[in-house]
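This report concerns only the one structure given below.
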Number of protein chains: 2
Amino acid sequence: MSSPSPLPNPSSLVNSLRTSCSTCSMHQLCLPMGLGENDMDKLDQIIGRRRKVPRDSYLYRMDDVFTNLYAVRVGHFKTCQINAGGEQQITGFQMAGELLGMDAISTDHHHCDAIALEDSEVCEIPFARLEELFGTMPTLLRHFHRMMSQEITREQSAMLLLGNMRAEQRLAAFLVNLASRYVARGYSSTNFQLRMSREDIGSYLGLTIESISRLLSKFKKQGLLGVSNREIELLDITALKAMAAGTEACS
Amino acid sequence: MSSPSPLPNPSSLVNSLRTSCSTCSMHQLCLPMGLGENDMDKLDQIIGRRRKVPRDSYLYRMDDVFTNLYAVRVGHFKTCQINAGGEQQITGFQMAGELLGMDAISTDHHHCDAIALEDSEVCEIPFARLEELFGTMPTLLRHFHRMMSQEITREQSAMLLLGNMRAEQRLAAFLVNLASRYVARGYSSTNFQLRMSREDIGSYLGLTIESISRLLSKFKKQGLLGVSNREIELLDITALKAMAAGTEACS
DNA sequence: CGCGCTGTTGATGAGGGTCAATTTGGGTGG
DNA sequence: CCACCCAAATTGACCCTCATCAACAGCGCG
């Protein structure tokens, strides 16, 4: 693996090794999915920098001018909107390998705030330069379209959840969804830590913090899961899935 | 305008005049927005056919293989999803100049049903051929991205609506939204016909048909609008906007 | 040790769902 | 042209889910 020839600048190599798409554990989920080595290098070259985002700080704010998409490298984010009445709603949680900022393309301004839920790291992708690549990299373009389309689908599911599921179903669906995303990233599907507060979960699910708390207690009592603070252990995923689907026997 | 030279096939010319993007009244809202004549011709050439879709019939169904996007030329559509519990929710209403099917790109299968609310007409856009154009038509690609991004934004608004607005606000927001879309199409912002049933509206807003009916009656009594069957006249748009924003004085 | 933030649990009530009865209007056939 | 039918919409009565308000517990931190 290590080249025998002398290296002009070892430290920059180390840096590039640490941060290139090809060595990133998320490259099979993220934007470079399916790219060959050449194409991945080209993509690497336009990526501005890897930016650290401390917990609770903003990656971008609503109405900020849009210049970059961001790929989450490490950590978790939430995106939230504020309506005219001053109420805030969380529109999504993003984890490693997911893309942030696609809603800003239409107006060149961000439509929501993006906030780190823990100390995190993103890759800055200058959209104008990404567009230049599209002309010669159809594989990249195709996958970008898939990611945008996926975002649309994801939000349609959220609409379904908010529009006609009851509280119980919503929380079950939320937990099952988290589990599946962790599995895709090679983590346990049953044991994970909630990175967001109960309030965030409630806001995302259109419920109050009290409802979330009560439901978690209820699920615990029913033996569906274990909870301790933000530590979650899913004990009966089948039942949770059935509940989310609205097909479980009534309790 | 009419060429003095003999025409090889007059009837086909008439047909193309009737159906080309350049002569379509929606081309400033639809996919060809901002294209020059040359590019618009190229786009025209890949558009499969103009397909009529009678009222209540399916443009596509969930799980159908995805091959085409559709641009609404005439009429209105609804898209709806069915969850595992068998309940159906409407995820959107589409009118002339809007694009259908973008949620299918990610999996090559449609994620929802698309149904005509009245006798309608669409332009069939083979997606594979559209992708071929993207390489050489950056303006087209850019506008396509804007339309996808707009769809994401639109759905985020719907999430906000479903997640933390009360019934009254939801219906007000819905009516104001319809009005603004009709204005953009050169129609009256105050007088229009609802193309969808009360049930459809309820499904979209996460409310029951009874609630919709009651709210319309209430708004009428308050002098905010006139209703007669599906005929709507908005009498106080300012108040409706304030109500949608949650900033109106409590009644 | 006390303060503040986050989360839990209980009591109460309202918004909107559910069920049921009735009206309206469009379409059809005599 | 009228009678009839059926689907869609309206209206009323009742009830359930979940929001609201409130008290309190747990935990980290200065």
Side-chain angles (χ1 to χ4, degrees), chain A residues 55-56 78 85 87-90 115 117-118 161-175 193-222 225-232 243 246 248 250-251, chain B residues 54-56 78 85 87-90 115 117-119 161-175 193-222 225-232 243 246 248 250-251:
Chain A
R55 175 173 183 168
D56 290 332
K78 65 178 174 185
E87 302 179 272
Q88 150 172 318
Q89 174 161 12
I90 285 169
I115 301 170
L117 291 171
E118 60 186 322
L161 180 144
L162 292 169
N164 59 36
M165 290 191 190
R166 17 209 64 221
E168 213 182 50
Q169 294 179 279
R170 294 185 199 187
L171 185 59
F174 173 72
L175 293 170
Q193 198 191 49
L194 297 173
R195 319 295 166 128
M196 65 294 286
S197 67
R198 306 280 195 271
E199 187 162 9
D200 286 341
I201 299 175
S203 171
Y204 179 64
L205 298 178
L207 300 169
T208 59
I209 181 176
E210 293 95 330
S211 293
I212 302 299
S213 190
R214 270 186 257 270
L215 286 167
L216 282 175
S217 300
K218 189 172 124 194
F219 287 177
K220 190 177 181 178
K221 202 183 295 175
Q222 293 175 335
L225 49 74
V227 207
S228 171
N229 300 318
R230 295 193 176 183
E231 215 58 53
I232 294 281
M243 184 182 288
E248 95 286 17
C250 292
S251 56
Chain B
R55 175 175 182 163
D56 290 332
K78 65 179 174 186
E87 302 179 271
Q88 152 171 319
Q89 174 162 9
I90 285 168
I115 302 170
L117 291 170
E118 60 187 322
D119 290 351
L161 181 145
L162 292 169
N164 59 37
M165 290 190 190
R166 20 208 61 229
E168 215 183 49
Q169 293 179 279
R170 295 185 198 188
L171 185 59
F174 173 71
L175 293 170
Q193 200 191 48
L194 298 172
R195 319 296 165 128
M196 66 294 284
S197 67
R198 304 281 194 271
E199 187 162 10
D200 287 340
I201 299 175
S203 170
Y204 179 64
L205 297 178
L207 300 169
T208 59
I209 181 176
E210 292 95 329
S211 292
I212 302 299
S213 191
R214 271 186 259 270
L215 285 167
L216 282 175
S217 300
K218 189 172 122 193
F219 287 176
K220 190 177 181 178
K221 204 182 294 175
Q222 293 176 335
L225 49 72
V227 207
S228 171
N229 299 320
R230 296 193 175 182
E231 216 59 53
I232 293 283
M243 183 181 289
E248 95 286 14
C250 292
S251 56

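The sequence lines fix the lettering, A, B, ..., with proteins before strands; numbering per chain opens at 1.
At a cut-off of 3.5 angstrom, counting only N and O atoms as typed in the model, there is a donor on one side and an acceptor on the other between the side-chain of A:R214 and the base of C:dG10. At a cut-off of 3.5 angstrom, the base of D:dC18 holds no donor-acceptor pair with the side chain of A:E168.
Residue A:A167 places its side chain closer to D:dC18 than to any other of C:dG25, D:dC18, D:dA9. When the nucleotides D:dA9, C:dC19, D:dA19 are ranked by their closest atom to the side chain of B:E210, C:dC19 comes out on top. Nearest to the side-chain atoms of A:S213 among the listed nucleotides C:dT9, D:dT10, D:dA19 stands C:dT9. Side chain of A:R166, nearest nucleotide from D:dT17, C:dG16, D:dT11: D:dT17.
No engagement by A:G202 is indicated, since no non-hydrogen atom pair under 4.0 Å with the nucleic acid exists. Within the 4.0 angstrom heavy-atom criterion, no nucleotide atom of any strand lies near A:R170. Using a 4.0 Å heavy-atom distance criterion, A:S211 is classed as a sugar-phosphate-only contact. Among the atoms of the strands shown, only primed sugar atoms or phosphate atoms (P, OP1, OP2) are found under 4.0 Å from some heavy atom of B:N229. Residue contacts for B:L216: at a heavy-atom cut-off of 4.0 Å it reaches no nucleic acid atom on any strand shown. Within 4.0 Å (heavy atoms only), A:T208 reaches at least one base atom of the nucleic acid.
Between B:L171 and B:L207 there is no side-chain heavy-atom pair separated by less than 4.5 Å. Looking at heavy atoms from C-beta onward, B:Y204 lies out of side-chain contact with B:M196 at the 4.5 angstrom threshold. In this structure, A:D200 and A:S197 have side chains that are in contact, with non-hydrogen atoms separated by less than 4.5 Å. Side-chain atoms of A:L175 and A:M243, non-hydrogen and from C-beta on, never get closer than 4.5 Å to each other.
In this structure, CD of B:E231 is placed 14 Å from C1' of C:dG25, rounded to the nearest angstrom. Atom P of nucleotide D:dA8 and atom CZ of B:R195 are separated by 18 Å, given to the nearest angstrom.
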